[in-house]
Undergrad: 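Dropping a structure here in structure tokens format, bear with me for questions.
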Protein chains: 2
Amino acid sequence: MTGTVSRPTLEAVAARAGVSRATVSRVVNGGDGVREPLVERVRQAVEELGYVPNQAARSLVTRRHDAVAVVIAEPETRVFADPFFALQLRGISKELTAHDSQLVLLLTEGRDDHVRVARYLAGGHVDGALVFSLHLDDPLPGLIHGAGVPTVFGGRPGWGEGVREAVYVDCDNRGGARQAVRHLLGLGRTRIAHITGALDQTSAVDRLDGYRDVMADADPALVAQGDFTPAGGERAMRELLERRPDVDAVFVANDLSALGALRVLREHGRRVPEDVAVIGFDDMLPIAEQADPPLTTVRQEIEEMGRLMARLLIRGLGDGAGAEGPVPESSGVVLPTTVVRRASA
Amino acid sequence: MTGTVSRPTLEAVAARAGVSRATVSRVVNGGDGVREPLVERVRQAVEELGYVPNQAARSLVTRRHDAVAVVIAEPETRVFADPFFALQLRGISKELTAHDSQLVLLLTEGRDDHVRVARYLAGGHVDGALVFSLHLDDPLPGLIHGAGVPTVFGGRPGWGEGVREAVYVDCDNRGGARQAVRHLLGLGRTRIAHITGALDQTSAVDRLDGYRDVMADADPALVAQGDFTPAGGERAMRELLERRPDVDAVFVANDLSALGALRVLREHGRRVPEDVAVIGFDDMLPIAEQADPPLTTVRQEIEEMGRLMARLLIRGLGDGAGAEGPVPESSGVVLPTTVVRRASA
DNA sequence: GTGAAAGCGCTAACAG
DNA sequence: CTGTTAGCGCTTTCAC
């Protein structure tokens with residue numbers, strides 16, 4: 001194993017350079033207010049000794065960590081199967097990098113993990129947290145609230161303590177759903193079904209609400225429960241075909257499950273969009289474009305949402321604000337959505 | 001934003017419980033050697049104040065962090081597209097959780113990230129590192145070596161300083177490749193091609209070597225370069241069909257690219273396995289089983305490799321060993337592979 | 001068994 | 001400009 005070596009301290013560097021610890025500290029942290037010759041001597045000593053500041057010691061006094069936790073309340077298998085997270089992470093990553101902050105990814109699978117994560121956050125390892133994919137029964141918001149770490153949520157958190165004043169970034173799920181359904185109506189479809197997402201998440205609930213806004217008096221049999229996965233989409237589509245064989249359009253809660261729905265429709269010999277029009281949600285390019293037929297869908301700017309979350313968090317950190325700052329009028333940022341027309345509807 | 005609160009310190013708890021800091025510390029860390037009534041009083045004070053130990057302060061003295069970094073030297077998009085990482089992470093995660101250690105995921109995309117990651121590791125945030133998916137020109141091994149953090153590599157690291165004594169876990173890539181090719185030979189195939197992985201990674205090189213071990217004097221035109229992605233597999237398969245239309249079998253460096261190869265074969269009207277037998281590598285269940293036809297492949301125990309990596313790291317940490325410990329006879333653990341027969345070969 | 005005291009390595013006033 | 005001096009919050013001898 002590449003071994004542990006006892007690293008040199010500031011003291012050692014100071015001794016070697018023949019200056020005080022304070023001077024070394026100044027140089028290491030940018031070197032303002034230190035005269036050139038000294039700076040050079042110190043730099044050289046740092047180099048020779050291979051000095052790297054001990055973050056624990058530094059954090060202890062500065063209370064900064066230059067690291068932000070991203071918490072995803074979803075099992076690895078799902079996180080890694082769904083490009084949604086990848087995109088969002090990419091946005092976050094770019095923004096954090098620009099601010100010289102390290103991204104620390106924390107995945108939680110079970111309840112025990114929640115406690116561990118909460119301890120980690122409260123333990124002061126990071127300057128803030130970005131939290132995703134909360135579920136109905138999730139104790140995380142409460143735990144995080146208790147941890148007292150500045151937090152921005154991805155998606156409107158629906159439950160838990162401190163949720164009222166929570167800062168979050170989301171897309172206009174309800175409005176997007178309405179757009180989707182109206183698009184189908186515009187195509188002349190009348191028997192429009194909906195395959196929901198996991199209804200323990202606000203995004204799924206909001207999209208369902210949007211569907212209902214437009215289809216107020218539709219047959220309840222036209223709504224089938226999915227869970228945002230392709231398998232869930234398949235299951236739901238089968239149910240729909242059984243209950244309402246006359247269905248002529250379906251709005252699916254996300255692109256990934258739309259894939260499953262398309263598969264089932266093909267299996268049953270229904271042509272898309274001739275027999276059944278299909279519209280998804282997310283506009284996950286690799287999925288929507290590769291689908292057969294290419295998927296019409298509601299676009300949300302996933303990567304941009306990631307960037308925005310990171311930016312909000314960092315801004316909040318910067319001004320030293322927190323619970324004490326004046327509560328912003330709106331604590332949630334909601335990004336608009338647009339229908340992207342391809343072949344499926 | 002859920003705000004920053006100034007958390008109570010040990011001191012505060014001690015005051016509240018009417019004991020010394022030392023006693024609180026003992027209770028918080030297990031409570032041996034403290035009499036019951038005191039333990040109770042302290043516990044209550046901790047509860048009431050919502051005390052959580054400050055990790056920075058603790059690490060500063062203990063030099064432990066109860067956290068392990070997992071470094072993946074691959075852009076997010078690939079990491080999240082390839083179930084390989086998900087499986088390995090799952091293994092690691094389980095093992096670390098069992099040892100009460102936090103998993104910290106660090107993704108690196110470009111060269112700047114490498115430096116950032118190296119700084120993070122050297123800065124003493126974690127007790128050790130698990131590093132994956134190294135590429136030829138990757139400065140990471142050297143940087144990590146310099147960081148002096150105990151490290152276990154996933155896959156044999158081929159390059160960089162300190163690589164000779166590096167601890168790693170890998171599967172028998174070369175042997176597995178030989179098994180694959182022999183399996184094809186056993187099927188009576190004679191014009192056996194190979195689609196390589198990204199040849200800047202040792203696993204791809206080793207698999208190519210294994211192929212050559214068996215097909216020593218095969219036409220070089222039977223080897224096409226891929227990159228472990230489906231797109232790469234497609235491209236390589238097209239090349240092969242062009243160069244050697246008489247190809248009757250192909251050993252693909254991993255299941256993901258085999259998917260691409262299958263698609264191209266289908267496109268060209270070649271039946272699998274009748275016209276062309278296809279064998280993959282990895283046995284990524286969701287992929288191999290869903291493929292059409294289901295993919296015969298070389299199985300490696302990915303999740304188990306993850307577990308093993310974590311276990312090796314933790315063991316190394318436990319005995320306080322490192323560079324100073326006696327060098328183990330073999331610093332690499334190589335797991336066996338087996339051919340899993342399905343329909344494609 | 002419990003408390004007092006000495007640091008872990010660093011930064012941040014404050015003097016000089 | 002540079003050095004001296006206090007701690008940050010915690011663990012850990014070492015006395016009692």
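Please read these numbers as outputs of a predicted model, since none were measured by experiment. Convention: sequence-line order gives letters A, B, ...; per-chain numbering from 1.
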Undergrad: Measure the distance from CD on A/E11 to C1' on D/dT4 and round it to the nearest whole Å.
TA: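 Taking atom C1' of D/dT4 as the reference, CD of A/E11 is at 12 Å.
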Undergrad: Grab the CZ-C1' distance between A/R26 and C/dC10 for me, whole Å please.
TA: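 Going from CZ in A/R26 over to C1' in C/dC10 covers 13 Å.
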Undergrad: Is the CD atom of B/E47 crowded by more than 12 outside heavy atoms at less than 6.0 Å?
TA: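 No.
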Undergrad: Quick one: label B/R21 by what it contacts on the DNA or RNA (base, sugar-phosphate, nothing), any heavy atom closer than 4.0 Å.
TA: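 Here B/R21 touches the bases of the nucleic acid.
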Undergrad: Hey, does the side chain of B/T23 come within less than 4.0 Å of C/dT2's phosphate (OP1/OP2), counting only N and O?
TA: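 So the side chain of B/T23 is outside the cut-off, no N or O lying under 4.0 Å from OP1 or OP2 of C/dT2.
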Undergrad: Measure from the side-chain heavy atoms of B/R63 and tell me the nearest of C/dG9, D/dC1, D/dG9.
TA: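 Nearest listed nucleotide: C/dG9.
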Undergrad: Go through D/dT4, C/dC10, D/dT12 for me and flag the one nearest to the A/S20 side chain.
TA: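 The answer is D/dT4.
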Undergrad: Between D/dT2, C/dT11, D/dT11, which nucleotide gets closest to the side-chain atoms of A/R58?
TA: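 The answer is C/dT11.
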Undergrad: Give the rounded distance in Å between these two atoms: CG of A/D66 and P of C/dC10.
TA: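 From A/D66 CG to C/dC10 P: 15 Å.
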Undergrad: Compare the minimum distances between each of D/dC10, D/dC8, D/dC14 and the side chain of A/V61, then state the nucleotide with the smallest one.
TA: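 Looking only at heavy atoms from C-beta outward on A/V61, the closest nucleotide is D/dC8.
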Undergrad: Both B/G33 and A/N29 contact DNA chain C. Which one's nearest nucleotide lies toward the 5' end?
TA: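 Looking at DNA chain C, the more 5' nearest nucleotide goes with B/G33.
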Undergrad: Hey, what do you get for CZ (A/R58) to NE2 (A/H65), rounding to the nearest 0.5 Å?
TA: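 The distance works out to 12.0 Å.
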Undergrad: Please state how far atom CG in A/L10 lies from atom C1' in C/dG7, giving the value in whole angstrom units.
TA: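 Roughly 16 Å, once rounded to whole Å.
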Undergrad: Taking the nucleotide of DNA chain D with the nearest heavy atom to each, does B/A56 or A/E36 sit closer to the 5' end?
TA: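 Per heavy-atom nearest nucleotide, the more 5' residue is A/E36.
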Undergrad: Tell me whether B/E48 at atom CD has more than 12 heavy atoms from other residues, nucleotides or ligands lying less than 6.0 Å away.
TA: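 Yes.
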Undergrad: Taking the side chain of B/L38 as heavy atoms from C-beta outward, which of C/dT2, D/dC10, C/dT11 is closest to it?
TA: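 My answer, after comparing the listed nucleotides, is C/dT2.
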Undergrad: Could you please name the option among D/dC10, C/dA12, D/dT13 that lies closest to any side-chain atom of B/N54?
TA: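 Nearest listed nucleotide: D/dC10.
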Undergrad: Give the rounded distance in Å between these two atoms: CD of B/Q55 and C1' of C/dC8.
TA: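 To the nearest whole Å, that distance equals 15 Å.
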Undergrad: Phosphate oxygens OP1/OP2 of D/dG9: is one of them under 4.0 Å from a side-chain N or O of B/T9?
TA: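 The answer is no; no side-chain N or O of B/T9 sits under 4.0 Å from OP1 or OP2.
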Undergrad: Please answer whether the main-chain N or O of B/L130 pairs with a side-chain N or O of B/T151 as donor and acceptor at a distance below 3.5 Å.
TA: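 Absent.
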Undergrad: Quick one: B/R64 CZ to D/dT12 P, roughly how many Å, whole number?
TA: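 Taking atom P of D/dT12 as the reference, CZ of B/R64 is at 10 Å.
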Undergrad: Are any of B/S25's side-chain N or O atoms less than 4.0 Å away from OP1 or OP2 of D/dT11?
TA: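 Result: yes.
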Undergrad: Between A/L60 and B/A56, which heavy-atom pair has the shortest distance, and what is it?
TA: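 The answer is N-CB, 4.2 Å.
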Undergrad: Considering heavy-atom distances to DNA chain C, does B/L60 or B/V19 have its closest nucleotide positioned more toward the 5' end?
TA: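 Whichever sits nearer the 5' end wins; that is B/V19.
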